[in-house]
Amino acid sequence: MEKIVASIKGTRDFYPEDMAVRSWLYAKLREVSESFGYQEYEGPFLEKIELYAAKSGEELVKEQAFVFPDRGGDLITLRPELTPTLARMVAQRQHQLTYPLRWWSFGPFWRYERPQKGRTREFFQWNIDLIGTNSPEGDAELVAICATFFKDVELKPEQVGIFVNDRRLMDSQLMKIGITSDALRKTVFKLIDRRDKMHPTEWDAFSIESGLTLAQLTNLKKILDNRELWKESPELTRVFAALDSLGVSAYVHFDPQIIRGLDYYTATVFEARDLDREGRAILGGGHYDNLVEAVGGDPLPAVGFAMGDVMIRLVLEKYGCLPEFKPAPADILVTVFEPSLSNHSLKISSSLREAGFKILCFTEESKLPKQLKFADKMGIRFVVIVGPDEFAAGKATVKDLAAHQQSTVPVSDILPAIRQWLA
RNA sequence: GUGGGCGUAGCUCAAUGGCAGAGCGCUACACUGUGGAUGUAGAUGUUGUGGGUUCGACCCCCAUCGCCCACCCCA
């Protein structure tokens, strides 16, 4: 035997049972997206590196994108995220589209990172964006979509939460404590992001090292520990009021430590996590004003988020929210008793198929017990048996593997018999 | 890119320098026109790879490849 060629690091094989989960998730995302009036779209999987150059986080582009030369020598990127593509698609037809746009997508992305729990190199992402409105209510809609998705897959508010903040609020708060330069503010944003990952004393030391005065550090901690801080932001006040009206407040929390890594967010930012802080963020998003302009269009505000399939699947598994997927390929197995009866069985299977059932008919010569065992293992509930006796009488034996019952009926009564058992 | 852990049957894992094993799964039979259960029997390994130490290596050492986990970053 030849040695099996290994798959590419960080990719996943979707065997039928995995594919069933992916399709189930896709269907849920479609349901939620469409219930809010969003339309599905898709972009190319390959893009030029320039598309990401100024917009995404620097590390994302320089270190984590899959980039390779094509046969003509041009540098090609496997898309690491969708938002720049979306911005380009909007910019290209900026004056033909009807705003606000509500668009969603579910497709593959690639990042050249070391795989670990909840992270692969090839993954699927749900992207959903509202483009062309600037209202806090629009931002709230996206948060509500997340919450509605959680509700739909039966993740409870005690299990997952969506944490919301506003970069403008943080900007003004930092301004108040004398952090005025862009460079220092950026540094402080990174600091805030890391606070939960470090020991408090280490974090204090690190903050001072990063250029904060002792007074600024004390004030910063006051800001970050103030759960009522959102009341000082008229926008966040409206966001939370809208979320209340949308009936999803139970999932939503204010958190001044949410900053998000992508550089293009300008206002509201949010992420969802497992409430016992396990694993990485389930999804992340926010409001971005400059992206369409950055790819050559006119300025256009937008808000959106992305959810990866890897982390959400871990969370759904953890909380028992995945249905049991027994990917039964068919409703009924039509057995072939012996080669001479093969065409008779094929005829029966064809007519059953026309009635709208999923029918599998044996094409291999094998013994009846083997065919029954096959049906059992594949989760096919009903079996039709036509041996010489039934054939001579114009009948067929129908067997219900789940209920351990069978009866011999005229061929035309196969479906009525099965429907009766199903009822 | 940095740090840690692990590679033994199809799968999950034992075997602490002395004959490579178990459970599950698989195959056959009991049951030659009936699946899940039960019983009996059977098959399967260059112990990831290459070196080294040793009378002797799954075990110790070195290298290498692969996987997992954490950091970084992020979905």
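Just so you know, these numbers use all the heavy atoms, side chains as well, and skip hydrogens, waters and symmetry mates. Chain identifiers are assigned alphabetically (A, B, ...) following the order of the sequence lines, protein sequences preceding nucleic acid strands; residue numbering begins at 1 within each chain.
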Subject >> A:Lys117 NZ to B:rC67 C1', straight-line distance once rounded to whole Å >> reply: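 In whole Å, B:rC67 C1' and A:Lys117 NZ are 16 Å from each other.
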
Can you name the residues that form a side-chain hydrogen bond (donor to acceptor under 3.5 Å, both in side chains) with [X], not counting sequence neighbours?
| X | value |
| --- | --- |
| A:Thr83 | A:Tyr264 |
| A:Arg167 | none |
| A:Ser349 | none |

Subject >> Toward the 5' end of RNA chain B, by each residue's nearest nucleotide, A:Lys370 or A:Asp389 >> reply: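 Its nearest nucleotide lies further toward 5', so the answer is A:Lys370.
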
Subject >> Summary of side-chain hydrogen bond (donor to acceptor under 3.5 Å, both in side chains) pairs that have at least one residue in residues 250-262 of chain A, sequence neighbours excluded >> reply: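 Found A:Arg195-A:Gln257, A:Asp196-A:Gln257, A:Arg260-A:Glu271.
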
Subject >> Residue pairs, two or more places apart or on separate chains, that pass side-chain hydrogen bond (donor to acceptor under 3.5 Å, both in side chains) and touch residues 410-423 of chain A >> reply: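 Residue pairs with at least one partner in residues 410-423 of chain A: A:Gln405-A:Trp421.
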
Original post:
Stacking check: are the rings of A:Phe109 and B:rA75 less than 5.5 Å apart at their centres and under 30 degrees in tilt?
Top reply: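 Here A:Phe109 fails the 5.5 Å or the 30° condition.
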
Subject >> C1' gap between B:rG45 and B:rG33, integer Å >> reply: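 Comparing C1' positions in B:rG45 and B:rG33 gives a spacing of 40 Å.
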
Original post:
Can you list, by residue number, the residues of residues 372-385 of chain A that have a non-hydrogen atom closer than 4.0 angstrom to RNA chain B?
Top reply: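 Under 4.0 Å from RNA chain B: A:Leu372, A:Lys373, A:Asp376, A:Lys377, A:Ile385.
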
Subject >> Residues that A:Thr11 engages under side-chain contact (heavy atoms from CB on, under 4.5 Å), provided they are two or more places apart >> reply: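 Partners of A:Thr11 under the side-chain contact (heavy atoms from CB on, under 4.5 Å) test: A:Ser7, A:Ile8, A:Glu122.
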
Original post:
Using Watson-Crick and G-U wobble pairs with both distances under 3.5 Å, what is the 5'-to-3' dot-bracket string of RNA chain B, with [ ] for crossing pairs and | for pairs outside the strand?
Top reply: (((((((..((((....[..)))).(((((.......))))).....(((((..]....))))))))))))....

**OP:** Select base, sugar-phosphate, or nothing to describe what A:Arg194 touches, counting heavy atoms under 4.0 Å on all strands.
**Re:**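 Sugar-phosphate, backbone atoms only, no base.
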
Original post:
Within the structure shown, what part of the strands sits under 4.0 Å from A:Lys399 by heavy-atom distance: base, sugar-phosphate, or nothing?
Top reply: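 Base contact.
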
Original post:
Just by distance, with hydrogens left out, do A:Ser249 and A:Asp244 show a side-chain donor and acceptor under 3.5 Å apart?
Top reply: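 Per modelled atom types, A:Ser249 and A:Asp244 side chains form a pair under 3.5 Å.
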
Subject >> By ring pair (Phe, Tyr, Trp, His ring centres under 6.0 Å) - contacts of A:Trp103 (at least two apart) >> reply: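 With sequence neighbours excluded, A:Trp103 shows a ring pair (Phe, Tyr, Trp, His ring centres under 6.0 Å) to A:Tyr41, given in chain and number order.
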
Subject >> Nearest to side-chain heavy atoms of A:Leu368, which nucleotide of B:rC71, B:rU34, B:rC74 >> reply: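 Of the options given, the side chain of A:Leu368 lies nearest B:rU34.
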
